[in-house]
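What follows is a set of notes on a single structure, which appears directly below.
The structure presented is a predicted model; accordingly, all values stated were derived computationally and were not measured.
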Amino acid sequence: MPAGALSMALSESNTLKALLLLYVQMLFIQTSYTALVNARSKLAERLARWLLMCQDRVRDHRFSITHEIMAVVLGVRRPGVTVAIQELEGMGLIKAGRGEIVIRNRYGLFQIADGTYSGPEQEYERLLGTIA
């Protein structure tokens, strides 16, 4: 949508403006929480959290992703991601294939994430409701 059209829609709809402001608030919460988690958590915890977030968005237990992309997102070297994936796979929580991750045990990933997952997700639900 062109910026001018969005600006006009926002000036004409208080409902749209309120919804977008809630979304911006949620985005700030998510970004801040991610920065905190990345600074304080071990790689396996961060990877578990990130895989849970991916599954939330893809809405499937299987999704395509490379080790290189995960390394970029997590801000680590690719070999570190490989080791963390092997750790999670060894616990039976995921199955990794070439360019693909399969979540085998969501609750187990949640446990490994050790409190780093669900804060922003709960706030999203509180602010914007659940996504069907």
>> Can you give me the closest heavy-atom contact between Tyr33 and Gly115, atom names plus distance?
In response: OH-O, 3.1 Å
> Of the non-hydrogen atoms in Ala48 and Ala113, which two are nearest, and what is the gap between them?
Replying inline: CB-N, 3.9 Å
> Is Val24 reachable from Ile29 through a run of hydrophobic residues whose side-chain heavy atoms are each under 4.5 Å from the next?
Replying inline: no
> Which atoms form the tightest heavy-atom contact between Gly108 and Leu93, and what is the distance?
Replying inline: CA-CD2, 3.6 Å
> Under 6.0 Å from the CZ atom of Arg57, do we count more than 12 heavy atoms belonging to anything else shown?
Replying inline: yes
>> Under a 3.5 Å cutoff, is there a donor and acceptor pairing between the side chains of Arg49 and Thr34?
In response: yes
>> I need the Gln111 CD to Asn105 CG distance, nearest 0.5 Å.
In response: 9.0 Å
>> Once rounded to the nearest 0.5 Å, what's the spacing between atom CD1 of Ile101 and atom CD1 of Ile85?
In response: 4.5 Å
>> Please find the pair of heavy atoms, one from Ile112 and one from Glu45, that lie closest to each other, and give the distance.
In response: O-CG, 3.2 Å
>> Taking side chain to side chain contact (heavy atoms under 4.5 Å, CB included) as the definition, give me every residue that meets it alongside Thr82, ordered by chain and number, with sequence neighbours left out.
In response: His67, Arg78, Gln86
> Does Thr31 use its side chain to pair, donor to acceptor, with the backbone of Leu27 at less than 3.5 Å?
Replying inline: yes
>> Could you see if Leu43 belongs to whatever hydrophobic cluster contains Leu109? Use Ile, Leu, Val, Met, Phe, Trp, Tyr and a side-chain cutoff under 4.5 Å.
In response: yes
>> Starting from Val37, can I reach Val76 by hopping between I/L/V/M/F/W/Y residues whose side chains sit under 4.5 Å apart?
In response: no
> Are any of the side-chain heavy atoms of Ile65 and Trp50 separated by less than 4.5 Å?
Replying inline: yes
> Do the non-hydrogen side-chain atoms of Leu19 and Tyr23 ever get within less than 4.5 Å of each other?
Replying inline: no
> Which pairs, with at least one residue in residues 84-106 and sequence neighbours excluded, count as a salt bridge (Lys or Arg N to Asp or Glu O under 4.0 Å)?
Replying inline: Asp56-Arg106, Arg62-Glu100
> What is the minimum heavy-atom distance between Met26 and Pro120, and which atoms define it?
Replying inline: CE-O, 3.1 Å
> CG/Leu74 to OG/Ser41 distance, rounded to the nearest 0.5 angstrom?
Replying inline: 11.0 Å
> With respect to Ile103, which candidate in Val58, Ile94, Leu52 satisfies the side-chain contact (heavy atoms from CB on, under 4.5 Å) definition?
Replying inline: Ile94
>> Run Met8 and Glu12 through side-chain contact (heavy atoms from CB on, under 4.5 Å) and show every step you take.
In response: CA-CA 6 Å; Met8 184 177 292; Glu12 294 174 0; 3.3 Å; yes
>> Are Phe63 and Val102 packed together at the side-chain level, in the sense that at least one heavy-atom pair is separated by less than 4.5 angstrom?
In response: no
> Side chains of Leu20 and Leu6: does their closest heavy-atom pair fall under 4.5 Å?
Replying inline: yes
>> What's the separation between atom OG1 in Thr116 and atom CE in Met53, rounded to the nearest 0.5 Å?
In response: 9.5 Å
> CG/Leu10 to CG/Leu21 distance, rounded to the nearest 0.5 angstrom?
Replying inline: 8.0 Å
> Do you know the tightest heavy-atom contact between Leu47 and Met70?
Replying inline: CD1-SD, 3.8 Å
> Distance from Leu22 atom CG to Arg126 atom CZ, nearest 0.5 Å?
Replying inline: 8.5 Å
